[in-house]
Amino acid sequence: MTDALKVLIIEDDPDIVLGCEQALQLEGIACDSVGSAEAARKRLGPDFAGIVVSDIRLPRCDGLTFMRELMALDPELPVVLITGHGDIAMAVQAMKDGAHDFIQKPFAPEYLVSAVRRALEKRRLVLEVRELRRQLAQRDTIEGQLLGQAPGMQRLRQMLAGLASSAADVLIQGETGTGKELVARCLHEASPRRQGHFVAINCGGLPDTLFDSEMFGHEAGAYTGAAKKRIGKIEHANGGTLFLDEIESMPLGMQIKLLRVLQERTLERLGSNTLIPIDCRVIAATKTDLLALADQGRFRADLYYRLSVATVALPPLRERREDIPLLFEHFALQGAARHQRPAPETSAERMRQLMAYPWPGNVRELRNVAERCVLGIEGGSPPFSGTTGAAKAQPLAGTVEAFERALIADALRRHGGSLARSAEALGVAKTTLHDKIRKHGLDQGSV
């Protein structure tokens, strides 16, 4: 693992640099060298993939002062100091201040290699722990917000976990109410850009006359009424994430400008000729087939291909019916806490109605239904009105299968995956339940 790490040598004596480089390279340890602290600053950051070997006496900045600067940048970065005979007291103080080790001149190559290997091993462990923590934070963020154990949702979470740390722009496709903005926020919160702004803009909610100013901003006096400079949405998202919902509604003229921003990563405010560098991740969302719109001349094909570097398709609720009990319970508990009401009990008949309903509004509609149940005003509205749901009900066999799978998954979840207790709660034999778990592809450990 240390093969991937590098040693940065900070030393202004070319003979010592040559000796250090030869000793390390003969042992297969990658290294680089600079002659001053100023040059080293350009190479180092909080997650520098390596260690530092520095002379304690450097031009215009002594190694002890620079080491303290590095400790403030990354307290876990190993720094090995090279000292002269008269610098032992300084080296002892440096060890107290956080230096990993020190080497006294003149030193044997073997001693340098040994000290460097120990420091590299420490750095490797630190970076591995940091990466695991980042992955765990991503997992907790994504799994904690995107609920459901349907295969489609499991694949979605895996895909998002892989995309989160990348810089790729993303196109989210899904019907109304499937949670496109929630997915975009999950990507932002699990990414290295989480400290930046998450700027959401609905392209269908802006008049064409305001689009230019909203997106790109303007200078004072750019047009009548522009009394002062305004930062646009794209510039405000610098260092963070720009979420463009209903991208299919963006005017064609704005699509051309957005494409240029994505390609050049610069923009100009209205009334200005100054290029402003932009560093933001763009996540676009649509409920329509953008490629079909492009074929009709209603959406730019080049923008589609630029946005769809990574495409995320969200499953509609009717294709993940086994998640309905879990989602309904989750939304009902949220609603009960918000409205200071008791959570409603869900009877078998009510659950049957929930499972049979086609959910044209998807998860958003389910949330609203749960809210109405908490408030006790669900009667007369779908899926409890007996009209809309019945008129568009799914085929009986499919509904029964989905209902059975959902009941089993819910029982396993409630009883911690215990086959015996779940079978008792469902009133079936353990062997029967085991067969049905295999039939429906359920995993006792993950429900």
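Numbers here simply count residues along the sequence, with the first being 1.
No donor-acceptor pair closer than 3.5 Å links the side chain of D279 to the backbone N or O of N238.
Ring planes of F198 and F243: parallel class, angle under 30° (limits at 30 and 60°).
Here the shortest heavy-atom pairing between I172 and A184 reads CD1-N, 3.9 Å. Scanning both residues, C31 and Q25, for their nearest heavy atoms gives SG-NE2, 3.8 Å.
The residue from L8, D74, L127, L70 that alone fulfils the side chain to side chain contact (heavy atoms under 4.5 Å, CB included) condition with F48 is L8. For the side chain to side chain contact (heavy atoms under 4.5 Å, CB included) criterion with I10, the lone passing option out of V34, V53, L81 is V34.
Salt-bridge check for E76 with R123: failed, with every basic side-chain N at 4.0 Å or more from each acidic carboxylate O. One finds no salt bridge joining D245 and K180 here, because no Lys/Arg side-chain nitrogen approaches an Asp/Glu carboxylate oxygen to under 4.0 Å.
Counting only residues at least two apart or in different chains, salt bridge (Lys or Arg N to Asp or Glu O under 4.0 Å) contacts with residues 37-56 comprise D32-R43, E38-R60, R41-E69, D47-R130, D47-R134, D55-K105.
In this structure H100 satisfies the side chain to side chain contact (heavy atoms under 4.5 Å, CB included) test together with P78, V80, R118, A119, K122, sequence neighbours excluded.
Taking CZ of R260 as the reference point, atom CZ of R265 lies at 13.5 Å (rounded to 0.5 Å).
No side-chain donor-acceptor contact under 3.5 Å links T241 and R185.
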